[in-house]
Amino acid sequence: MYRSTGFISFLLRRISGVALVIYLALHMWVIGSVNQGPEVFNARLNAVQTPIFKLFEIALLAAVVYHAFDGIRLLIVHYFDVTDKRKSLFYAAFAIAAILTVAGGVPILMFMLQG
Amino acid sequence: MFDFIFKRETPEAIKKGNKAIVRIQRFNPEVDEKPYMEEFEVPMTPDTTVLDALHHIKTEQDGSVTFRRSCRHAICGSCAMNINGSNDLACHRPLSESLDYHGKITIKPLPFQPIIKDLVVDRTTFWAQYMKIKPWLIPPDDIPEKEFRMSPEEVEALHNAETCIMCGACYSSCQVVGLNKEYIGPHALLKSFLRTADPRDSIPGERLEIVDGDNGVYRCHTIFNCIDACPKNLNPTEAIETLRKLAQKRLAYEEAREERQKTLNEPIREA
Amino acid sequence: MPNNTITHDVIVVGAGLAGTWAAMVAAREGVKDIGVLSKIHPLRSHSGAAQGGIAASLSNTRPVAGTGPRGPLEQIPPGEEPVDSPDLHMFDTIKGSDWLGDQDAIRILVDDAADVVYEYEHMGCVFSRTPDGRINQRRFGGHSAPRACFAADWTGHVLLHTIHEQALRNNVKFYAEWYVMNLIIEDNICRGVVAMDVLTGEVHTLRAKAVMFGTGGYGRAFKITSNAFANTGDGVAIAYDAGAPLMDMEFVQFHPTGLYRHGILMSEACRGEGGYLINNKGERFMEKYAPDKMELAPRDLVSRSEQTEINEGRGVMEDGQGIFLDMRHLGREKILSRLPQVREIAINFVGVDPIDAPVPIQPTAHYSMGGIPTTVDGQVIANAAGDPVVGFYAAGECAAVSVHGANRLGTNSLLEASVFGRRAGYAIAEFVKGGAQLYPVSGDPAERQRQRIKSLLDRDGDELVEHIAQDLKSTMTDNCGVFRDEDRLKVAMSDIKELQERFKHARTMDKGRHFNTDLLATLEAEHLLTFSEVIVAGALARTESRGAHSRTDFPKRDDEDWLKHTVAHKTDDGPKLSYKPVSIDWEKYPPQERKY
Amino acid sequence: MRTFQLQRYSAIALLIFLTIHMIVVHYPPFHIDFSRIIERLDDPVWKAIDIAFILAVVIHALAGSYMVLTDFQRVGKYKRVLAGLAIVLGVWAMYYGTVTVLNFTPPV
Ligand SMILES: Cc1cc2nc3c(=O)[nH]c(=O)nc-3n(C[C@H](O)[C@H](O)[C@H](O)COP(=O)(O)OP(=O)(O)OC[C@H]3O[C@@H](n4cnc5c(N)ncnc54)[C@H](O)[C@@H]3O)c2cc1C
Ligand code: HEM
Ligand code: SF4
Ligand code: F3S
Ligand code: FES
């Protein structure tokens, strides 16, 4: 089996993509209820406001950021002849995603711990 | 990968570098239920190749070890196999540079294809995809007495694809192939690129139509393993990217080709 | 009819250039039902390994004026004098062959050359180009003009892939990994072959109106060889066993630049592009042997020069068995653009980058001039008188038309396989369309081969087949190699006889039936033993030195007695030799002394 | 246009929308302040942007899921069924999303 950067990026992209689709469904379920009156909305919102969901939120952030930068990387590969730099490009996308996840995740964590 | 952590005592001969241990995945569907690993010890000099080692095993130790080979200098494409987890040609790979800390090398058949026996795999789907893209050139009707004129640059542009030896290292490294054998695959897409990009070919439109489908260029997820695997240092990914772009402007490309073919019989003007 | 019988109009054995050309052309000419058998996948055929080029007197390039015989080349501007012609090509080929080449066949070879190369080009072959877009040409040993059309240094590869694809386009049916074991000739009429499907181990009889052999060379009879593992001369051995004759088998070409100890070819293009040969004193020793052509003298001469240097103690490497091929002065750019594959081979196999260091090389068994004698249309002949074997054709390295005579010039053999493969294709198409019939086969030949396999697998001696093959290769290299003499050839002969005896008890390790490559190696070893005897018998009888056949006890060429082809038939007490005259145009190309 | 292109173009659109979304909704952080959303969604321009955003994300999500599923050879047979399903689902999701955004009435 090939565990190359290409494969890892592919796998992570898939996982994050599918995770995002699931989140999207959830998100629509919550926000969509806004027109069904405050009770429904608040009930649904509360269901996704538990601390465990805050952790999920970090994962969500990681997924979005990784998926987005991997997507940018792919678009670059499509439109410029840069296959020679394939490893560096992956590391770069991954690093940026990691930094942004930490930058966004730490405040979420602190927010969660505070209240 | 984590050998430096689990490093154990290495046998003397292997430390001195004149012996190596070859681990081969064995499987004979006539008798075995599932594949298993077997170890052989072989003598080694600095210029022993992996293929030499396999030959030594086959001729001196166990004649039933089965693999394909012919040219032994990386041009016929027979001997592609999975060596230490990546696909390569056994014949051009020095044994001494393929050993881990225990003096071992691990050899398995090419992944994602049914095993016929030991290191020999059934390449039916590989060749079927090759046939699907019509690998042959179809020249224009107007054939000159002498050669078609092509500039050295036009020829150079084809070199990435022309030296493909159809070894299948790329095909068997691509996880998309692992998932879906209907995918045309890097080898055949590279070949398709070769024909499509050749100014002498008169059916670029039809070729682009063949690859411009769900199982063609769009099934490639840019995993790049095909580049890493290719023993001839070719770049199927770039060919696939080019085909994708050409497929989107097929009509314009066909027109350009017709235009180019009008001057195929004339000398290339020099700068 | 026996079971497992397959019938085709035409069966082609071998999917190298010769076989594929024949099949492709016959299909194009309207023969619908063609089966091509190859013991390895067609694209793995040895033709693909050829590096240097294919000869044709296109006159696309010429030496830059005033730079001498090794200087740079330039394209010939339109309208200016050509530097090359079929006649010049013909003369070079005849001279190269040491006048043993049949001149009627050579005439066809050189006249068809341009046409075949252009046809390759029209079919999609990606040749290297001159700036104005013509096929580029380089120099090659023994050719007096830049005549080798090339695609970098993977010429054979692009030719083979191109022709294979065109055969597919013409709906030729390929049987990949089918091993032909036997040829069926009854009453001088060829009726088919017996072949094993390697995958299943099943043996089948394949009947056809015409059978064509393009089974390639027999370099694997030698220890150091540039040939692929598949080049075990099955075709010649099978034809010989079936009663067809073999011609000029003693002429085996040793290439001067095989990679030290591996034998892998460093293309002649290395010297064509300007590489030097150097001994351990740092001398360009070719000055002594061929002051005019230097490194670009023909192969037999250069190999002998190298071997002389080695024998006289001026070799390189620890055991003194090597010579240096020095390309450093060509410069990085030229090596990378013209010889990329050669460079990679040197790096991978001996760890030397030709850009920085000289590459150790040694003579390596390379090409088989001899083979199944045919007419210029590929029709196999049954005897020295030239009677045909009906329905049996051959071309390429397994055949001897003979255009190479006693020594082949580089780039002439891709040409030969193409030209005569193509001609055989036309001849076969005509033969089949002219009402050839499918002759019956008596008995069950497949069953006989099944028995043969069974008896090979049943043997339980303590000696391994491979050891016998190795001993054979050693004795052939040592005693029937670059230099030969009576004593050594006799040793070789008695060794072969002994090995044939030992083989009768030798053991095959793998007893399984499906994809048994050990069994294939055993069958191949049997074939090696068969035709090696013919090589040595021919070499013993030929008491002269001509081309690649160099007898130290008879160092001179002897046109009086030996300007003739050796023809060998199988008998119970070994090969029976007879001789066939050489076709010579005494007016135009009478024998001369061969000097370079 | 093929799934492939749909996915690339929607990806580019998403890049833009998601950036906007992150900034206006989640910045400054920790203040999912509904008054802000209400204010914004009163503006028809914002409504249009949000609908486009939903369109992009729906296309991208469905095209992506379709791709993930059809990569499996066995699923390949049901390509048409899947495509049909995706279209139905997409239309429904767009309808649902559009209605939600247009009818948005602030919860009290
Ligand atoms: C390293 C190298 C470099 C060379 N470079 C040049 C060059 O630059 N220029 C040049 O002109 N020539 C060159 N030659 C020589 C030239 O390549 C060969 O002479 C030519 O390719 C022979 O072609 P062929 O079609 O006769 O046989 P091959 O290409 O050898 O094909 C033989 C075919 O027969 C099949 N076969 C054999 N036995 C059996 C069997 N028992 N059953 C079924 N199938 C069988 C094989 O599978 C194969 O398909 C070179 C040779 C070598 C070794
Ligand atoms: C910043 C925004 C985004 C960008 C740049 C982006 C980019 C991409 C690209 C280029 C692909 C194609 C991958 C391929 O063909 O192999 C892709 C696939 C995918 N995306 Fe996105 N995406 C983004 C946001 C999203 C969101 C928000 C979702 C979830 C709703 C999502 C779900 C998916 C899915 C499911 C796939 C398929 C996975 C795959 O084919 O491997 N993406 N994305
Ligand atoms: S592209 Fe490379 S890896 Fe793939 S078949 Fe061709 S030579 Fe082999
Ligand atoms: S590994 Fe496969 S997915 Fe594409 S880039 Fe190469 S073909
Ligand atoms: S043996 Fe031909 S490529 Fe390795």
Side-chain angles (χ1 to χ4, degrees), chain B residues 28-31 46-47 49 58-60 62-64 66-78 92-94 116-117 120 123 127 131 134-139 143-152 154-155 158-159 162-166 194-195 198 200-201 266-270, chain C residues 40-41 43-46 48-49 58 78 114 117-118 121-124 126-136 151-152 154 156-158 161-162 165-166 168-169 199 228-230 261-262 264-265 341 344-345 348-351 464 466-467 508-518 521:
Chain B
N28 179 357
E30 276 183 355
V31 289
D47 60 358
T49 62
K58 183 169 183 68
T59 54
E60 303 291 337
D62 184 348
S64 68
T66 306
F67 49 90
R68 290 191 176 106
R69 86 283 179 269
S70 185
C71 70
R72 85 204 189 294
H73 63 267
I75 192 67
C76 76
S78 305
H92 83 160
R93 180 148 170 156
I116 290 175
K117 187 171 172 184
V120 176
R123 291 171 177 271
W127 293 119
M131 286 301 281
K134 304 194 176 171
W136 47 83
L137 183 105
I138 298 193
I143 294 208
E145 206 171 292
K146 295 188 167 183
E147 66 269 64
F148 291 117
R149 299 298 183 101
M150 276 169 85
S151 70
E154 280 171 324
V155 168
L158 300 178
H159 269 177
E162 183 53 67
T163 44
C164 167
I165 56 176
M166 288 291 152
L194 171 70
R195 292 303 170 222
D198 193 318
R200 293 166 297 179
D201 188 70
E266 292 161 23
I268 307 288
R269 263 163 284 282
E270 269 174 271
Chain C
I40 45 183
H41 185 278
L43 291 178
R44 319 297 183 215
S45 296
H46 193 58
L58 307 182
V117 169
Y118 289 141
E121 203 276 339
H122 299 151
M123 293 188 303
V126 183
F127 285 107
S128 297
R129 301 284 166 154
T130 61
D132 70 351
R134 283 175 288 171
I135 296 171
N136 207 347
W154 43 70
H157 168 82
V158 298
H161 280 244
T162 305
E165 288 151 4
Q166 294 295 324
L168 292 174
R169 182 184 171 197
L199 178 63
F229 282 105
R261 283 223 286 230
H262 290 274
I264 294 169
L265 192 71
Q341 202 199 145
E344 220 152 87
I345 290 173
N348 282 334
F349 292 91
V350 290
L464 292 176
E466 175 64 19
H467 292 167
T508 308
M509 282 190 271
D510 189 349
K511 309 286 185 195
R513 289 313 303 275
H514 106 153
F515 222 98
N516 187 340
T517 48
D518 204 23

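This one's a predicted model, so the numbers in the text were calculated from it and none came from an experiment. Below, read A as the first sequence line, B as the second, and so on, with proteins coming before strands; counting in each chain starts at 1.
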Q.
Heavy-atom cut-off 4.5 Å, strictly under: side chain, backbone, both or neither for B:P94 against chain C?
A. side chain
Q: Please state whether the rings of C:W154 and B:H159 are parallel, tilted or perpendicular, taking 30° and 60° as the class boundaries.
A: perpendicular
Q.
Measuring only between side-chain heavy atoms, which start at C-beta, is C:L168 closer than 4.5 Å to B:W127?
A. no
Q.
Do C:H161 and B:L194 make a side-chain contact, defined as non-hydrogen atoms from C-beta onward lying under 4.5 Å apart?
A. no
Q: Indicate yes or no: does C:E121 engage B:R200 in a salt bridge with an N to O separation below 4.0 Å.
A: yes
Q | Test item: B:C76 and C:H41 side chains (from C-beta on) under 4.5 Å apart, heavy atoms | A | no
Q | Residues which pass side-chain hydrogen bond (donor to acceptor under 3.5 Å, both in side chains) with C:E466, listed by chain and number, not counting sequence neighbours | A | C:Q470
**Q.** Test log, rule side-chain contact (heavy atoms from CB on, under 4.5 Å), inputs B:K58 and C:T517
**A.** CA-CA 10 Å; B:K58 183 169 183 68; C:T517 48; 2.9 Å; yes
Q.
If the condition is ring pair (Phe, Tyr, Trp, His ring centres under 6.0 Å), which residues does C:H514 pass it with, not counting sequence neighbours?
A. none
(Q) Pair B:I116, C:L199 - check side-chain contact (heavy atoms from CB on, under 4.5 Å), show working. (A) CA-CA 8 Å; B:I116 290 175; C:L199 178 63; 3.5 Å; yes
**Q.** B:M166 and C:R44: CA distance, side-chain angles, deciding distance, side-chain contact (heavy atoms from CB on, under 4.5 Å) verdict
**A.** CA-CA 9 Å; B:M166 288 291 152; C:R44 319 297 183 215; 4.1 Å; yes
Q: Check whether C:L265 gets within reach of chain B through its side chain, its backbone, both or neither, counting any heavy atom under 4.5 Å.
A: neither
Q.
Show the nearest heavy-atom pair for residues B:H73 and C:Q341, with the distance to one decimal.
A. CD2-OE1, 4.1 Å
Q.
If we define contacts as heavy-atom pairs under 4.5 Å, which of C:I345, C:L464, C:I135 has the most with chain B?
A. C:I135
Q. Any side-chain heavy atom of C:R129 sitting closer than 4.5 Å to one from B:E154?
A. no
Q. So which part of B:D62 gets closer than 4.5 Å to some heavy atom of chain C, the side chain, the backbone, both or neither?
A. backbone
Q) What part of B:R93 is in contact with chain C, defined as an atom under 4.5 angstrom from a non-hydrogen atom: side chain, backbone, both or neither? A) neither
(Q) I need the residue from C:V126, C:N348, C:I40 with the largest number of non-hydrogen atom pairs under 4.5 Å to chain B. (A) C:V126
(Q) So for B:D198, is it side chain, backbone, both, or neither that comes closer than 4.5 Å to the heavy atoms of chain C? (A) side chain
